[in-house]
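Let me begin by presenting the structure, written as structure tokens, before commenting on it.
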Amino acid sequence: MPKGIALTEEEQAARRREIFNAAVDSFLKKGFQETTMREIAELAGMGKSTLYDYFKNKDEILTFIFEEGIHDVFERAQQIAQQDMPLIERIQQIAQMHLEFLVAHKNLYLILTQEIQRLKMQSQQRIQLGRYAYQDLMRSLIEEGIREGVFRPVDALLAARLLVNSMGSVVFTSRPTATPQALLSESLEIFLRGICA
């Protein structure tokens, strides 16, 4: 916890967000490895020692960035999942929201995905928990569809993983055949209807 005058939880969260924004800006401009904690502190308008009150190192900042991103997508997906609309529409809206998030943050996630493998196992596990929560939300929708007869009985967790992973494939493919939006539409068509004639 930061030293000196006690900050409210909201103030601490705001400071973490300032650091987050400064780190993202520097990572995009210089790269993760080339960015120093001193540079992040300067961009965030604080001393280096104050920065260390919030994050011990760049790995902690990296973990925070991933956790925040996953949490944001998960919360928005939850809101869509709870809406009163047909199941297929909810899945399509979640996929669209996820696609827009990835497109908006594409350059950042290209950089950070390469760095995540270096993180300590504990940090990787923290990030994984967020991914699992998102997969489980999608699994619950697929299980709902199976119960209602919208989908045939399948391994719901595997189907959820395939659906979630297809979002990354659409955005980060090195051989795009169309826009991300068009690729998403085709991916959902394949996912929901298969490829059999």
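Position 1 is the first residue of the sequence, and the numbers go up from there.
Here the closest heavy-atom approach between residue A178 and residue A182 is recorded as CB-CB, 3.8 Å. In terms of heavy atoms, I61 sits closest to M37 at CD1-SD, 3.9 Å. Between R15 and G45, the shortest heavy-atom distance links the atoms NH2-O, 4.3 Å. The heavy-atom pair separating L62 from L119 by the smallest distance is CD2-CD2, 3.7 Å. Closest approach of P180 and V170 over heavy atoms only: O-CG1, 3.3 Å. Considering every non-hydrogen atom in both A160 and R139, the closest pair reads CB-N, 3.5 Å.
Taking the six-membered ring where tryptophan is involved, the planes of H105 and Y109 are perpendicular, since the angle between them exceeds 60° and thus also 30°.
Hydrophobic clustering, with ILVMFWY side chains joined whenever heavy atoms are under 4.5 angstrom apart, keeps I116 apart from L129. By the criterion of side-chain heavy atoms lying less than 4.5 angstrom apart, applied directly or through intervening Ile, Leu, Val, Met, Phe, Trp or Tyr residues, Y52 is not grouped with L43; the two fall into different hydrophobic clusters. Under a hydrophobic clustering in which Ile, Leu, Val, Met, Phe, Trp and Tyr are joined whenever their side-chain heavy atoms come within less than 4.5 Å, directly or via other members, L162 and V150 fall into different clusters. The hydrophobic cluster containing I142 also contains I88, counting ILVMFWY residues as joined when their side-chain heavy atoms lie under 4.5 angstrom apart, directly or transitively. By the rule that hydrophobic residues join a cluster once side-chain heavy atoms approach within less than 4.5 Å of another member, L99 and I190 end up as members of separate clusters.
Using a cut-off of 4.0 Å between Lys/Arg side-chain N and Asp/Glu carboxylate O, R90 and E144 are scored as salt-bridged. Between R118 and D59, at least one side-chain nitrogen of the basic residue sits less than 4.0 Å from a carboxylate oxygen of the acidic one, meeting the salt-bridge criterion. Using a 4.0 Å cut-off between a side-chain N of Lys or Arg and a carboxylate O of Asp or Glu, E115 and K58 do not qualify as a salt bridge. Salt bridge absent: E42 and K48 never bring a charged side-chain N and a carboxylate O closer than 4.0 Å.
Looking at V171 and T173, their side chains never come closer than 4.5 Å, going by heavy atoms from C-beta outward.
Q122 CD: 12 or fewer foreign heavy atoms inside a 6.0 Å radius.
The aromatic ring centres of F27 and F32 sit less than 6.0 Å apart.
A donor-acceptor pair under 3.5 Å is absent between the side-chain atoms of R161 and the main chain of Q135, judged by distance alone. A donor-acceptor pair is defined here as one N or O able to donate and one able to accept, closer than 3.5 Å; such a pair exists between the side chain of S166 and the backbone of L163. Not one N or O on the side chain of E67 forms a donor-acceptor pair closer than 3.5 Å with the backbone of G130.
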